[in-house]
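For reference, the structure discussed in these notes is given below.
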Protein chains: 2
Amino acid sequence: MLELAVLGLLKEHDLHGYELRKRLGDLLGTGAAVSFGSLYPALSKLEAAGAIRVVTPPGNAGGHSATMAGRVPGRKRKVYGITTAGSALFQQLLTERRSAPLDERSFSLRLAFASYLSPELRLGLLERRRTLLAERLAELAATTGKPRGNRYVQLLAERERDSLSRDLSWLDRLITDERAMGRLAVHN
Amino acid sequence: MLELAVLGLLKEHDLHGYELRKRLGDLLGTGAAVSFGSLYPALSKLEAAGAIRVVTPPGNAGGHSATMAGRVPGRKRKVYGITTAGSALFQQLLTERRSAPLDERSFSLRLAFASYLSPELRLGLLERRRTLLAERLAELAATTGKPRGNRYVQLLAERERDSLSRDLSWLDRLITDERAMGRLAVHN
DNA sequence: GTTGGACATATCGGCTCGATACATCGAGTG
DNA sequence: CACTCGATGTATCGAGCCGATATGTCCAAC
């Protein structure tokens, strides 16, 4: 999850951890922002694996033009860049369909990077997510007949139902678009 | 999170782990079902803390009417029941407003048990969740002006915006209802 | 009678979160 | 000018949760 996100963002720009977090925040919505307690270990791990490397080592940074010698000017940020191995890892993580979790967060992340996928894989991603949500909705509809516990549980279930059907329509729209674009591409 | 859920469900019925998981599943939606890897350790912990206890010990269970003696009939389920201390813990976990996480799951869980809250605390719960979502929406609106990355990121952001405003309306409706019920109760 | 699937409990490694600590920097305030 | 405060920035730790996996029981269907 996090590794995919980091690699994907570094594919576009070199970034340091703090900034990475912010970008991730408005990529997936503030609610899904990742914590530093996950981010920094993940960065260390990716660096150890050779997927990313420190581009601006501490002691070499900053826009300080005329600060004098021994002071070690902008000693703070660790700016990371992606390596060739990192790009390969990114593609691998993004592509592998098996066991790919399709929860809200993973799905959103993958969709955000969907431009790096082939049209077929992109469509597959959308369809698998659609299947998952459809199953949930069916399951929910099955239990809806029975009397639910209290008022609040009932409200929760209704909201869930609405939310699911809205997401399904949204996905259907996306899928239709994808198919249309696919046909268009073929005709060119 | 999980502890609150377990205690809340056991307040209504004695249950064993597997069944607990199912109930939790259709209480919060199948997507939010808890894993056994969290559930069983949580049960052990709660039992050790004296909040729950095994009601039907293994070796004593089952509807087997005429199975003979030494066979140890329904030796499988471990049915748990809540203790007095457990009820107290439940109230405490449900009530403590400070540091209560308001993410989707926690909120839904608390709302599902909202009947155990005083009208004031119930209203507070809804309002704090509302505030959170409103902040997110504002933040999102702020970044919406700027050009987003690719097409998919943009779609994701739009979806998020719609979803947030829907949830806000939903919450507003609930809040209004709560206030109305409060006034009604006062008039009786 | 045996094979397959639902039921049921349990553990383990790995990921993520929230809290916490610490250090730097720029902007404002007295 | 010294001071403080809040944003920036990196890092670690404990606890909680998930997914995979192992193991065993019960029942029905073939």
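So you know, we letter chains A, B, ... as the sequences are listed, proteins then strands, and number each from 1.
With sequence neighbours excluded, the residues forming a side-chain hydrogen bond (donor to acceptor under 3.5 Å, both in side chains) with B:Glu19 are B:Arg23, listed by chain and number. Evaluation of the salt bridge (Lys or Arg N to Asp or Glu O under 4.0 Å) rule for A:Arg161 yields no partner, not counting sequence neighbours. Residues meeting the ring pair (Phe, Tyr, Trp, His ring centres under 6.0 Å) test with A:Phe107, sequence neighbours left out: none. Scanning for side-chain hydrogen bond (donor to acceptor under 3.5 Å, both in side chains) contacts around B:Ser118 gives B:Glu120, with sequence neighbours left out. Residues passing the salt bridge (Lys or Arg N to Asp or Glu O under 4.0 Å) test with B:Asp172 are B:Arg130, sequence neighbours excluded. A:Tyr152 is linked by a ring pair (Phe, Tyr, Trp, His ring centres under 6.0 Å) to nothing, counting only residues two or more places apart in sequence or in another chain. With sequence neighbours excluded, the residues satisfying ring pair (Phe, Tyr, Trp, His ring centres under 6.0 Å) with A:Phe36 are A:Tyr18, A:Tyr40. Under the salt bridge (Lys or Arg N to Asp or Glu O under 4.0 Å) criterion, B:Lys45 pairs with B:Glu3, not counting sequence neighbours.
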Contact list (N/O, under 3.5 angstrom) for nucleotides 14-18 of chain D vs protein:
unit_1: D:dG16; atom_1: OP1; unit_2: B:Lys45; atom_2: NZ; d: 3.1
unit_1: D:dC17; atom_1: OP1; unit_2: B:Leu2; atom_2: N; d: 3.3
unit_1: D:dC18; atom_1: OP1; unit_2: B:Arg105; atom_2: NH1; d: 3.1
unit_1: D:dC18; atom_1: OP1; unit_2: B:Arg105; atom_2: NH2; d: 3.1
unit_1: D:dC18; atom_1: OP2; unit_2: B:Ser35; atom_2: N; d: 3.1
unit_1: D:dC18; atom_1: OP2; unit_2: B:Ser38; atom_2: OG; d: 2.8
unit_1: D:dC18; atom_1: N4; unit_2: B:Gly37; atom_2: O; d: 3.4

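What separates CG of B:Leu102 from P of C:dC17 is a distance of 16 Å, to the nearest Å. Rounded to a whole Å, the OH atom of B:Tyr40 is 20 Å from the P atom of C:dG13. D:dA11 atom C1' lies 14 Å from atom NZ of A:Lys76, rounded to whole Å. Between A:Asp103 atom CG and C:dT16 atom P there is a gap of 11 Å when expressed in whole angstrom units. When the P atom of C:dT16 is taken as reference, atom CG of A:Leu28 falls 12 Å away, rounded to whole Å.
Donor-acceptor pairing under 3.5 Å is recorded for the side chains of B:Ser38 and B:Ser35.
Between A:Tyr80 and A:Val54, the closest side-chain pair of non-hydrogen atoms falls below 4.5 Å.
Within the structure, the salt bridge (charged side-chain N to carboxylate O under 4.0 Å, His left out) test picks out the following pairs touching residues 101-111 of chain B (sequence neighbours left out): A:Arg159-B:Glu104, B:Glu104-B:Arg129.
Across residues 107-114 of chain B, not one residue has a non-hydrogen atom less than 4.0 Å from an atom of DNA chain D. The stretch residues 12-24 of chain B has no heavy atom under 4.0 Å from DNA chain D, so no residue of it qualifies as close.
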